[in-house]
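Structure first, then comments.
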Amino acid sequence: MSNVGQQMLSGALSGLTTTICLQPFDLLKTRIQQVDGSLNANLPKSHSSIILGTTKHIIKTEGLVGLWRGTVPSLARNVPGVALYMTSLTQLRTFMARSPYFSAMQKTQVNPNGSVLPKLTAEGNLVAGATTRVAVGFLLNPFSVLKARYESNMYAYSSLSGALVGIARQGPSELLRGFLASSLRDAPYAGLFVVFYEGIKKEMAYVVPPQSNAQASLIHSVAAASAGAIATLATHPFDVIKTKVQVRTEDRYHGFMRTIATIWKQRGIAGYFDGASLRLSRKVLSSAIGWAVYEGVLMFMRHS
């Protein structure tokens with residue numbers, strides 16, 4: 001199997017694993033963010049009580065399986081999305097590593113149990129992560145809209161294909177709905193993630209050189225979880241804006257700037273951090289699991 005084929009397979013397995021395990025986090029985040037907040041809303045003061053109340057309501061009305069509502073469109077978005085993103089990122093980093101400006105010189109002997117990914121400077125990692133994430137996000141934005149609406153309880157689609165056709169019939173603007181907010185969230189997130197992931201991984205491997213694939217996977221998980229937490233907190237407001245643009249149909253949510261103004265008027269600064277703990281938990285876990293699976297599978301196939 002070619003390197004690209006190995007990377008696609010590893011990325012697909014990564015997307016499959018994280019989506020199935022962590023779909024409830026995405027569902028709860030969407031349900032909380034979709035709410036049309038208002039000055040007169042009697043919202044609970046505690047964010048944890050909102051999460052608990054939403055969870056209880058879903059289980060009561062839809063059963064425990066209701067927490068996995070939207071898993072199929074999530075898989076349709078995340079499996080090819082993660083595979084395409086990780087493969088494109090690796091290929092772009094390989095290309096950029098040929099440039100003396102972006103390539104990070106390897107000063108020590110390569111550890112066979114270390115990372116299999118190309119080494120770039122911090123600037124190179126930032127550019128590679130941001131560029132790849134936005135490009136893949138543009139291609140798969142229609143599935144992001146579909147995923148958000150399936151997770152929402154505001155739409156009653158009878159089938160996945162029928163829902164996608166229905167969205168497509170509304171024109172390109174509907175297929176690309178929320179793309180600006182997604183890009184403003186994903187570009188800095190992906191760039192910061194790759195920078196911190198590679199930096200933390202490098203420092204950890206320097207302090208405790210991995211002696212086996214298991215130790216290397218642990219380092220990758222810790223580094224990815226840490227990088228995911230930092231990048232998530234820095235970009236969460238754009239995630240709230242994206243969800244409302246993609247799910248709400250009221251005129252006040254049509255357009256990026258109009259949605260920002262609506263959230264500020266109704267909820268103030270707190271409105272931009274709705275669902276932050278859920279996204280943080282989801283991103284930390286998905287980063288830890290996803291990158292450990294991706295690099296682990298690549299190392300396994302390479303050693304085999």
Side-chain angles (χ1 to χ4, degrees), residues 22-55 57-58 70 74 77 126 129-130 133-134 137-138 141 144-145 147-154 176-193 195-196 225-287:
L22 304 176
Q23 177 62 20
F25 289 94
D26 267 350
L27 177 78
L28 289 169
K29 178 180 69 69
T30 298
R31 293 289 177 90
I32 290 172
Q33 290 180 347
Q34 75 178 14
V35 174
D36 180 26
S38 66
L39 297 175
N40 298 321
N42 297 318
L43 296 174
K45 296 181 179 180
S46 171
H47 189 66
S48 60
S49 64
I50 298 176
I51 297 174
L52 183 60
T54 304
T55 304
H57 177 73
I58 292 173
S74 291
R77 164 64 178 83
L126 187 66
R133 190 64 177 261
V134 172
F138 176 79
N141 196 78
S144 294
V145 176
K147 173 180 177 296
R149 292 184 179 181
Y150 252 95
E151 291 169 352
S152 167
N153 58 355
M154 299 174 62
L176 295 176
R177 194 175 177 90
F179 174 68
L180 176 59
S182 295
S183 298
L184 292 174
R185 175 199 65 181
D186 291 344
Y189 173 87
L192 289 172
F193 176 87
V195 169
F196 283 109
S226 302
I230 296 170
T232 297
L233 290 175
T235 59
H236 186 74
F238 295 108
D239 187 69
V240 177
I241 297 167
K242 175 202 72 79
T243 299
K244 290 190 184 296
V245 169
Q246 290 182 338
V247 173
R248 305 298 308 190
T249 58
E250 298 89 343
D251 287 342
R252 56 183 174 274
Y253 292 110
H254 283 189
F256 179 73
M257 296 305 299
R258 187 181 296 183
T259 302
I260 291 177
T262 299
I263 296 172
W264 177 263
K265 179 181 178 180
Q266 295 178 338
R267 299 268 286 114
I269 193 68
Y272 299 109
F273 290 91
D274 286 343
S277 61
L278 288 166
R279 181 168 178 253
L280 181 62
S281 301
R282 204 270 184 203
K283 283 295 185 181
V284 167
L285 291 173
S286 67
S287 297

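Every heavy atom of this structure was used, including side-chain atoms; hydrogens, water molecules and symmetry mates were not.
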Give the C-alpha distance, both sets of side-chain angles, the deciding distance and a yes or no for side chain to side chain contact (heavy atoms under 4.5 Å, CB included) between Leu176 and Phe138.
CA-CA 8 Å; Leu176 295 176; Phe138 176 79; 3.9 Å; yes
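- Here the shortest heavy-atom pairing between Phe179 and Gly137 reads CE1-C, 4.0 Å.
- Looking only at distances, a side-chain donor or acceptor of Thr262 sits under 3.5 Å from a matching main-chain atom of Arg252.
- Heavy-atom contacts from other residues, nucleotides or ligands closer than 6.0 Å to NE2 of His254 number more than 12.
- Closest approach of Val247 to Ser152, counting heavy atoms only: CG1-OG, 3.6 Å.
- Counting all heavy atoms, side chain and backbone alike, Gly178 lies closest to Asn141 at C-OD1, 4.4 Å.
- The aromatic rings of Phe238 and Phe256 lie parallel to each other, with less than 30° between the two planes, well short of the 60° mark.
- Results of the side-chain contact (heavy atoms from CB on, under 4.5 Å) test with Leu28 over Leu52, Ile50, Thr54 single out Thr54 as the only residue that passes.
- Partner Arg31 forms a side-chain contact (heavy atoms from CB on, under 4.5 Å) with one of Ile58, Leu278, Asp26 and no other, that one being Ile58.
- Exactly one residue among Ile241, Thr232, Thr235, Val240 makes a side-chain contact (heavy atoms from CB on, under 4.5 Å) with Arg185. That residue is Thr235.
- Judged purely by atom type and a 3.5 angstrom limit, Thr259 uses its side chain to pair as donor or acceptor with the backbone of Tyr253.
- By the salt bridge (charged side-chain N to carboxylate O under 4.0 Å, His left out) test, Arg77 is found to be paired with no residue, residues two or more places apart in sequence or in another chain being considered.
- Note that Lys283 lies in the cation-pi zone of Tyr189, set by a 6.0 Å cut-off to the ring centre and a 45° limit from the axis.
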Could you walk me through whether Thr243 and Lys29 pass the side chain to side chain contact (heavy atoms under 4.5 Å, CB included) test, one step at a time?
CA-CA 9 Å; Thr243 299; Lys29 178 180 69 69; 4.2 Å; yes
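- Here the CG-CG distance, from Leu233 to Leu280, works out to 5.0 Å after rounding to the nearest 0.5 Å.
- Pairing each heavy atom of Gly129 with each of Ala190, the nearest pair is O-CB, 3.1 Å.
- Taking all atoms of both residues into account, the shortest heavy-atom contact from Ala130 to Ala187 is CB-O, 3.3 Å.
- Of the candidates Lys242, Arg248, Lys244, Lys242 is the only one forming a side chain to side chain donor-acceptor pair (under 3.5 Å) with Gln246.
- Across all non-hydrogen atoms, the minimal contact from Gln33 to Asp239 is NE2-OD2, 3.0 Å.
- Atoms CG and CE, from Leu180 and Met257 in turn, are 9.5 Å apart once rounded to the nearest 0.5 Å.
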